[in-house]
There are 2 protein chains.
Amino acid sequence: MASEPMTGTVAERSKSQRAYLSLKERIASHELAPGYRLVLASIAQELDMSAVPVREAIRRLEAEGLVTFERNIGARVSMIDDSDYRHSMESLAVLEGAATALAARNLTDRDLRRARELNGLLVESLDAFDPHLFTAVNQQFHAALFAACPNPRLLALVEAEWVRLGHLRHSTFSFVPGRARESVGEHEALLDLVEGGAPLADIERAARGHRSATLAAYLDHEHPER
Amino acid sequence: MASEPMTGTVAERSKSQRAYLSLKERIASHELAPGYRLVLASIAQELDMSAVPVREAIRRLEAEGLVTFERNIGARVSMIDDSDYRHSMESLAVLEGAATALAARNLTDRDLRRARELNGLLVESLDAFDPHLFTAVNQQFHAALFAACPNPRLLALVEAEWVRLGHLRHSTFSFVPGRARESVGEHEALLDLVEGGAPLADIERAARGHRSATLAAYLDHEHPER
DNA sequence: GTGGTACGGATCGTATATTATCCCTCGAAG
DNA sequence: CTTCGAGGGATAATATACGATCCGTACCAC
C-alpha cells in the first residue's frame, strides 16, 4: 500500500533475485525447516513485493530440489527421509571423490598447509564438541581439498549437493558424535596421500570412502543392523 | 525425457509446466539452437498464454543451466564452448560410471537381453551410419544399464547431465564417426563384465573409461595433439 | 567527420485484478 | 456413528496493465 514513489536508488538486484537469495538462506539456516509451508502472499508481504517474483524464486529453488511444489497446493521446504539423505550422501561421495582426485595435482603447498590447519582446528574442537561448528569447519576442510578441481561443472555439482545436504540435516555429527574422531583421522590419511603424490585412484577411493563411512556410521546409529 | 508429448488435453498440466516442457524439448531438439534469443512475449503468444508462466519456465531452465538470463535483457539458450562440453562429459563419466556399477547387481536377465539387443542394433547401424540415430540408440543402451540404479538421486544427476549434453551437441559421433565402432566393442566388454558378476569397481572403471574414451576421441579429433 | 545526446521501439519487471482449485467444515441422510 | 455432499475460505494460477530499462538510430554541436 504505502510504497515510496521510486527513490533514485536503482535496485542492485531484481526482486526476484532478492526473494531467491532470502529464501535460500533461510532454508539453509533452518529458519525455514523441512516441511515448512511457503505461502506466496505471506512471503511477498514480508519482502515487500508482489507474489510474482516470489513465484519465480520458488521455481528456481524447486529446480535445485530445495523446495517441492504441488500444483494448486503450493510449495514447502523439501521434506526428507532417511533414504533421501542416504542417496544424497552416496552421490556426494561419488562426486566429491572424483573432484578431490582431480584437484589433487593442482594443490599448492599453501593449500595443503591450510587444509592441515583446518583439520587441526577439528582435532582441537573434539573436546568441547559442537556439532554445528564441527560441520562448518569440516566443510571448509573438504572445500579446500576439492576447490582446485579444474572441472567447474563437477565442482558445481559437488557444491549443489553440499547445499542440499546442509538443508536436509544441519549436522550428521550431532547424530553420531563418535564419528567425528574417526573422521579427523581419515582426513589426516587423505592429506598424506595427496601430499605423497599417491595414485589418483587411491585418492579418489579414500575420499569416497571417507564420506561413505560417515554415511554408514549414521545409518548404523539410526538403524542398527539386524 | 520420458514425458509424453503434450496432448491436446487442456488443464492436465499447468501452463507454466507446458511452457517448461515445450521449451526444454525444443532446446533439446535444437529447434532452438544455442544463442537463440528467447523473447517472453513471443513465446507466450505461440503457446497461447501470458508471459508470467513463461517466465517461471525460464527460471527453471536457468537453474538447470539450459538457458542464461540477463536482467533487463532477457534469456537466451546457453552458449557452449569446447571446455563446457569437456567438463560435462567428464562429469557424466563419473556419474554414469557410478550409477552403472550400482545398478549392475539389480539387472535382470531380461534387462541384459534388452541391452544386448540394443547393442546389436548399434552394430547393424554401423554400415549405413546415421550419427543421430546412433546417438539415440546409444543412449537407450546406457539407460538400460544404469536405469536399475537404486539411488534415484544419482540417477537424476545422470539424466540431467544427459539432457545438458544433448543440448550442447546433438551427437559426438557426427564429429568422430570412427569412434562408433570402438564404442560398440566396449559395450560388449561392459556387458560381459556385468553378466559375469565382475567386481563393481571393475564395472565402474569400464563404464567411466568408456565415456572418457569417447571424450578423448572427440578432443583428439578437434585438437590433434601435434 | 566525430562524439555525444535525445528520442523511440522493444522488451523486461512488477503490481494488481480476476479466475480456478483445493481443502476444511458442517450438516443431513443413511 | 458414519458417509457423503454443499458451501466457504484460503491460496494458487494466470491475465492484464503499467512503469523501467536497454539499445539502436538519428540528429545536433563542434
Side-chain angles (χ1 to χ4, degrees), chain A residues 1-24 26-27 32-33 35-79, chain B residues 3 6-24 26-27 32-33 35-63 66-79:
Chain A
M1 317 334 169
S3 56
E4 51 215 329
M6 91 201 104
T7 63
T9 36
V10 179
E12 289 299 329
R13 304 182 281 240
S14 69
K15 297 202 172 182
S16 138
Q17 190 162 5
R18 268 180 37 214
Y20 170 75
L21 292 174
S22 163
L23 285 174
K24 187 167 179 174
R26 290 204 279 172
I27 290 173
L32 304 178
Y36 190 97
R37 175 84 187 281
L38 297 171
V39 180
L40 293 175
S42 319
I43 297 171
Q45 196 172 0
E46 272 179 61
L47 297 177
D48 190 36
M49 60 181 71
S50 82
V52 178
V54 178
R55 286 180 67 89
E56 289 179 30
I58 284 182
R59 287 302 189 190
R60 289 181 59 181
L61 293 168
E62 183 193 9
E64 294 174 21
L66 262 57
V67 313
T68 57
F69 207 85
E70 269 181 292
R71 158 139 191 192
N72 284 326
I73 299 208
R76 48 182 59 216
V77 179
S78 297
M79 294 286 276
Chain B
S3 13
M6 320 180 287
T7 62
T9 24
V10 205
E12 285 300 325
R13 307 173 198 288
S14 70
K15 298 202 171 182
S16 139
Q17 192 160 4
R18 266 181 38 215
Y20 171 75
L21 292 173
S22 164
L23 285 175
K24 188 167 178 175
R26 289 203 280 173
I27 290 174
L32 304 177
Y36 190 96
R37 176 84 188 280
L38 298 171
V39 180
L40 294 175
S42 320
I43 297 170
Q45 196 173 359
E46 271 179 61
L47 297 176
D48 189 36
M49 59 180 73
S50 83
V52 178
V54 179
R55 289 180 66 89
E56 289 178 31
I58 284 183
R59 288 300 189 191
R60 290 180 60 181
L61 293 169
E62 185 193 7
L66 262 58
V67 312
T68 56
F69 206 86
E70 267 183 291
R71 158 141 168 149
N72 281 325
I73 300 208
R76 49 183 57 217
V77 180
S78 297
M79 297 284 277

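To find a chain, count down the sequence lines: A is the first, B the second, and so on, and within it residues start at 1.
Between the CZ atom of A/R71 and the C1' atom of D/dA13 there is a distance of 7 Å, given to the nearest Å. Protein atom CD1 of A/I73 is 14 Å distant from nucleotide atom C1' of C/dA20, rounded to whole Å. For B/E70 and C/dG13, the CD to P distance is 11 Å, given to the nearest whole Å. Taking atom CZ of B/F69 as the reference point, atom C1' of C/dT11 lies 10 Å away to the nearest angstrom. Following rounding to the nearest Å, B/R76 (CZ) and C/dT11 (P) show an atom-to-atom distance of 12 Å. We find that CZ of A/R13 is positioned 16 Å from P of D/dT21, with the value rounded to whole Å. For the pair B/E56 CD and D/dA15 P, the interatomic distance rounds to 11 Å; values are reported in whole Å. At whole-Å resolution of the value, CG in A/L40 and P in C/dA15 are 13 Å apart.
Residue B/L47 comes nearest to B/S22 through the heavy atom pair CD2-OG, 3.8 Å, listed as atom of the first residue, atom of the second, then distance.
Between the B/R37 side chain and the B/R76 main chain, no donor and acceptor come within less than 3.5 Å of each other. Remark: the backbone N or O of A/A57 is not paired with any side-chain donor or acceptor of A/S16 at under 3.5 angstrom.
Taking the side chain as every heavy atom from C-beta outward, A/R18 and A/M49 approach each other to under 4.5 Å.
Residue B/I58 is classed as having no contact, given no heavy-atom separation below 4.0 Å to the nucleic acid. At the heavy-atom level, A/V52 lies under 4.0 Å from base atoms of the strands shown.
At a threshold of 4.0 Å, the pair A/R59-A/E62 counts as salt-bridged, since one of the basic side-chain nitrogens sits closer than that to a carboxylate oxygen.
For C/dG13, the OP1/OP2 oxygens have a side-chain nitrogen or oxygen of B/R55 closer than 4.0 Å.
The side chain of A/S50 has C/dT14 as its nearest neighbour among C/dT14, D/dA13, C/dG13. With D/dA15, C/dT14, D/dA13 as the candidates, the nucleotide lying closest to the side chain of A/K15 is C/dT14.
In terms of position along DNA chain C, the nucleotide closest to A/P53 lies nearer the 5' end than the nucleotide closest to the other residue of the pair A/N72 and A/P53.
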